[in-house]
Amino acid sequence: MSEEKIRITTEDIAALDIAEVSAPVPAQGAKAEDGVWGTVGEEDQGGEAKASFWLKSWVYLGLAGAAGALVGWMIFEPWFDDYPVRSLVGNMVFLPGVMAMIAVALGLADSLVERSWTKVAMAACLSFPLGAVFGFVFGFVSNITFYLEKQILLEAGVVVAKDSPALWIARALVWMIFGIGGGVCFGLAGRSGRKCLYGVAGGVVGAFIGGILFDPISIVAHGAEASRALGMVCFGLASGIAIGFVESALKDRWLYVVAGPLAGKQFVIYKEVTQVGRRQTNDIYLFKDETIEPLHARIERRGAASMLVAQGPVYVGGQPVTQRALRTGDLIKIGRYTFRYEEKPVKKKNG
């Protein structure tokens, strides 16, 4: 029994309406002419809402560090005396006190940006006591270290004065100790050991920069109070900016907010399980949307993979999902928020 062969010519292919074959099926209640598939509109499928400059971590952490330093200076400057013999205690608590306020400001920064007042309160409960303890413990260590550094410089025949680069470096090395405290508070406020490591690395770099600049600023300012104010603000600003940059440089996977109230912010995925939803204690708090569940989704780190587990309506690339291994570039839609998942490429070892 012979079978009749079906022949398809190029003319047959050209006559097909490809748009009809490839067009996705709109979700119930959505209209194709509106450009909406599921809950994802055209503006969420690759285009990005205008990102806010102020939501970049190095920006708001830098401003937080500077604000914390200024508040600390305002509190402790009245206790400071340019003649230490008259006010030894005031001079001893000045730098640790300012450092404590910087640590508090950095610890609160993320929660304030996310507008989670519950997390702000939790961060404050951790940051205030830790900032104070680290400030005064590290202050004691740094005073001893700075004294020993100056003795070494004097024995080496180096003139220890404000215009001496050797003194600038010595001060910067001591201030790195304070940077550790600020970074630890930043990480503990975020309840993440990995965030602590990033915070310490950034805090040390920022404190070194602030320490290097302190004496040159005092020379230019021509005033003790003004120079201390500018120097402390520079210390806090540099620490916050450095923490933001280090966090950005060392992250391996993150969510970038493409659309929604937090457009432009990135959420680094630190934890083994990252919770997303309307509850303020979630790692990623999504506000101003009652359609989002208190705990709407989880992102689980499973080795090299990130698994998205949905507990409410979640769309990836316009398609509803309940569980999915995320890939770089995936667009995730939850309520009015759209995220783009990114991860750092893993370098393959040769051989």
Side-chain angles (χ1 to χ4, degrees), residues 44-62 106 109-110 113-114 179-180 182-184 186-206 238-260 262-276 282-286 297-310 314-317 319 321 323-334 337-351:
D44 299 324
Q45 300 186 56
E48 296 185 4
K50 186 177 180 181
S52 173
F53 172 77
W54 305 107
L55 290 178
K56 296 181 183 298
S57 61
W58 65 270
V59 174
Y60 66 75
L61 287 174
L106 293 175
D110 273 331
V113 167
E114 296 170 26
I180 295 172
V184 169
F186 171 71
L188 291 179
R191 296 168 295 167
S192 167
R194 189 186 298 261
K195 194 171 185 176
C196 251
L197 293 176
Y198 294 174
V200 167
V204 166
V205 171
S239 297
I241 290 175
I243 288 175
F245 274 122
V246 168
E247 179 186 55
S248 184
L250 297 183
K251 65 184 186 295
D252 63 345
R253 60 192 83 177
W254 64 97
L255 290 176
Y256 182 85
V257 185
V258 173
L262 292 173
K265 178 169 173 54
Q266 68 176 13
F267 290 92
V268 180
I269 300 173
Y270 293 104
K271 299 181 179 180
E272 295 302 311
V273 178
T274 299
Q275 297 183 332
V276 184
N282 286 324
D283 301 298
I284 300 178
Y285 164 53
L286 305 181
R298 303 191 312 275
I299 298 175
E300 301 175 0
R301 293 174 65 106
R302 299 182 183 178
S306 293
M307 186 67 67
L308 172 66
V309 181
V314 177
Y315 294 81
V316 177
Q319 301 300 318
V321 298
Q323 185 166 310
R324 174 189 170 104
L326 295 172
R327 298 187 295 269
T328 294
D330 277 346
L331 288 176
I332 305 164
K333 178 77 171 178
I334 300 177
Y337 292 82
T338 304
F339 304 88
R340 186 177 65 240
Y341 175 77
E342 300 283 353
E343 61 183 38
K344 189 172 292 184
V346 179
K347 293 182 180 179
K348 295 182 180 179
K349 296 182 180 180
N350 296 327

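Among all heavy-atom pairs drawn from Leu250 and Tyr198, the shortest one is O-OH, 3.0 Å. Summarising the geometry of Ile299 relative to Ser306, their closest heavy-atom pair is CG2-CB, 4.2 Å, with the distance given to 0.1 Å. When all heavy atoms of Asp330 and Ala325 are compared, the closest pair comes out as OD2-O, 4.3 Å. The heavy-atom pair separating Asn282 from Val276 by the smallest distance is ND2-C, 3.8 Å. For Tyr60 against Leu55, the heavy-atom pair with the smallest separation is CE2-O, 3.5 Å. Here the closest heavy-atom approach between residue Gln266 and residue Ser57 is recorded as NE2-OG, 4.4 Å.
Considering CD of Glu114 and CG of Leu262, their distance stands at 7.0 Å, rounded to 0.5 Å. We find the CZ-CD distance between Arg298 and Glu272 to be 13.5 Å, quoted to the nearest 0.5 Å. In this structure, OH on Tyr285 lies 15.0 Å from CD on Gln275, to the nearest 0.5 angstrom. Taking CG from Leu255 and CD1 from Ile334, the interatomic distance works out to 8.0 Å, rounded to the nearest 0.5 Å. To the nearest 0.5 Å, atom CD1 of residue Ile241 and atom CH2 of residue Trp58 are 6.5 Å apart.
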Checklist entry - So Glu343 and Tyr341, side-chain contact (heavy atoms from CB on, under 4.5 Å) or not? Walk me through it. => result CA-CA 7 Å; Glu343 61 183 38; Tyr341 175 77; 2.6 Å; yes
Next on the checklist: Show, in sequence, the C-alpha distance, side-chain angles and deciding distance for Val257 and Thr338, and conclude whether the side-chain contact (heavy atoms from CB on, under 4.5 Å) test is met.
Outcome noted: CA-CA 6 Å; Val257 185; Thr338 304; over 6 Å; no
Checklist entry - Hey, mind stepping through Val268 and Glu247 against side-chain contact (heavy atoms from CB on, under 4.5 Å) and telling me if it holds? => result CA-CA 8 Å; Val268 180; Glu247 179 186 55; 4.1 Å; yes
Checklist entry - What do the steps show when you test Tyr256 against Phe267 for ring pair (Phe, Tyr, Trp, His ring centres under 6.0 Å), and what is the final call? => result CA-CA 6 Å; Tyr256 182 85; Phe267 290 92; over 10 Å; no
Checklist entry - Given the rule in the side-chain contact (heavy atoms from CB on, under 4.5 Å) test, do Val309 and Glu300 qualify, once you have shown the distances and angles that lead to the verdict? => result CA-CA 8 Å; Val309 181; Glu300 301 175 0; 3.9 Å; yes
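A heavy-atom distance below 4.5 Å is found between the side chains of Ile332 and Val314. Two residues are said to be in side-chain contact when any heavy atoms from C-beta on lie closer than 4.5 Å; Val205 and Ile243 fail this criterion. Between Leu331 and Val316 the shortest side-chain heavy-atom distance does not fall below 4.5 Å.
Under the rule for a salt bridge (Lys or Arg N to Asp or Glu O under 4.0 Å), the partners of Glu342 that lie at least two apart in sequence or sit in another chain are Arg340. With sequence neighbours excluded, the residues satisfying salt bridge (Lys or Arg N to Asp or Glu O under 4.0 Å) with Asp110 are Lys195, Lys265. Partners of Ser248 under the side-chain hydrogen bond (donor to acceptor under 3.5 Å, both in side chains) rule, at least two apart in sequence or in another chain, are Lys251.
The backbone N or O of Arg301 sits nowhere less than 3.5 Å from a side-chain atom of Arg253 that would complete a donor-acceptor pair. Asp252 contributes no side-chain N or O that, together with a main-chain N or O of Lys344, makes up a donor-acceptor pair within less than 3.5 Å.
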